[in-house]
Amino acid sequence: MRRDPPGTFAAAVIRHVRRIPPGRVAAYGDIAALAGSPRAARGVGAVLNGLGPDQDVPWWRVVNRVGRLSIPADLGRRALQRRLLLDEGVAFRDRDAVDLEHHHWDGDA
DNA sequence: AAGGTGACTGGCG
DNA sequence: TCGCCAGCCACCT
């Protein structure tokens, strides 16, 4: 799995994703900004993609800027994310887009 | 160490 | 918001 030295982008991403409360979602770009690199949204995806099974990071609470699940549909990972969010009470606008208006995490506030 | 890849975005029509 | 596209940037060869 992935152990990242503190101070790295990856570590910051993990740290912030852990802060997303259940029932709320954040965009890749939001996390990138919190992590200190506002334009590194894709980097956030790369980090989450490399997460180990026991990393204990709520990766499913991260969606793209319009609320759509950005995970490739294969391997059923996508369906899993959908289910996990549903279980937390996140409402969906359609098959693979959450209702951002009501569940977007303000990054605290 | 250089280049390819992609769980992204914002701009434009 | 939808599609398309050109930047972007961290990851992984």
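Per chain, numbering begins at 1; letters A, B, ... match sequence-line order.
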**Q** Rounded to the nearest 0.5 Å, how far apart are NE2 of A/H103 and CD1 of A/I20?
**A** 14.0 Å
**Q** B/dG6 C1' sits how many Å from A/N64 CG, rounded?
**A** 13 Å
**Q** Under a 3.5 Å distance rule, please check whether A/Q55 uses its side chain to pair with a backbone N or O of A/L48 as donor and acceptor.
**A** no
**Q** Given A/D96, which of A/I71, A/V63, A/L69 fulfils the side-chain contact (heavy atoms from CB on, under 4.5 Å) condition?
**A** A/L69
**Q** Working to the nearest 0.5 Å, report the span between CG of A/L84 and CH2 of A/W59.
**A** 6.0 Å
**Q** Can you tell which of B/dG10, B/dA7, C/dT1 lies closest to the side chain of A/R65?
**A** B/dG10
**Q** Distance check needed: C/dT1 P versus A/R95 CZ, whole Å only.
**A** 19 Å
**Q** Identify the two heavy atoms, one from A/A32 and one from A/A40, that lie closest to each other, and give their separation to 0.1 Å.
**A** CB-C, 3.7 Å
**Q** Any idea which of C/dT1, B/dT9, C/dC2 is nearest the A/R68 side chain?
**A** C/dC2
**Q** Check whether A/R61 reaches the backbone of A/V17 with its side chain - one donor and one acceptor, N or O, closer than 3.5 Å.
**A** no
**Q** For A/V62, report the nucleic acid contact type (base, sugar-phosphate, nothing); a contact means any heavy atom under 4.0 Å.
**A** nothing
**Q** Just the rounded figure in Å: distance from P of B/dA7 to CG of A/D30.
**A** 19 Å
**Q** Atom CG of A/N49 to atom P of B/dA7: distance rounded to whole Å?
**A** 7 Å
**Q** When the distance from CG of A/L80 to C1' of B/dA7 is rounded to whole Å, what number comes out?
**A** 13 Å
**Q** Please report the distance, rounded to the nearest Å, between CG in A/L48 and P in B/dA7.
**A** 12 Å
**Q** Nearest-Å distance, CH2 (A/W59) to P (B/dC8)?
**A** 14 Å
**Q** Rounded to the nearest Å, what distance is computed from the CG atom of residue A/L100 to the P atom of nucleotide B/dT9?
**A** 10 Å
**Q** Is A/L85 reachable from A/L80 through a run of hydrophobic residues whose side-chain heavy atoms are each under 4.5 Å from the next?
**A** yes
**Q** Base, sugar-phosphate alone, or nothing: which one does A/R78 contact when heavy atoms must sit under 4.0 Å apart?
**A** nothing
**Q** Is it the case that over 12 heavy atoms from other parts of the model lie below 6.0 angstrom from the CZ atom of A/R18?
**A** yes
**Q** Write down the atom of A/H104, the atom of A/R24, and the distance for their closest heavy-atom approach.
**A** O-NH2, 3.1 Å
**Q** If a pair means Watson-Crick or G-U wobble with both distances below 3.5 Å, what does DNA chain C look like in dot-bracket form, with | marking bases paired to a different strand?
**A** .||||||.|||||
**Q** Does the protein touch nucleotides 8-13 of chain C at the base, only the backbone, or not at all? Give it as B, S and - per nucleotide, heavy atoms under 4.0 Å.
**A** BSSSS-
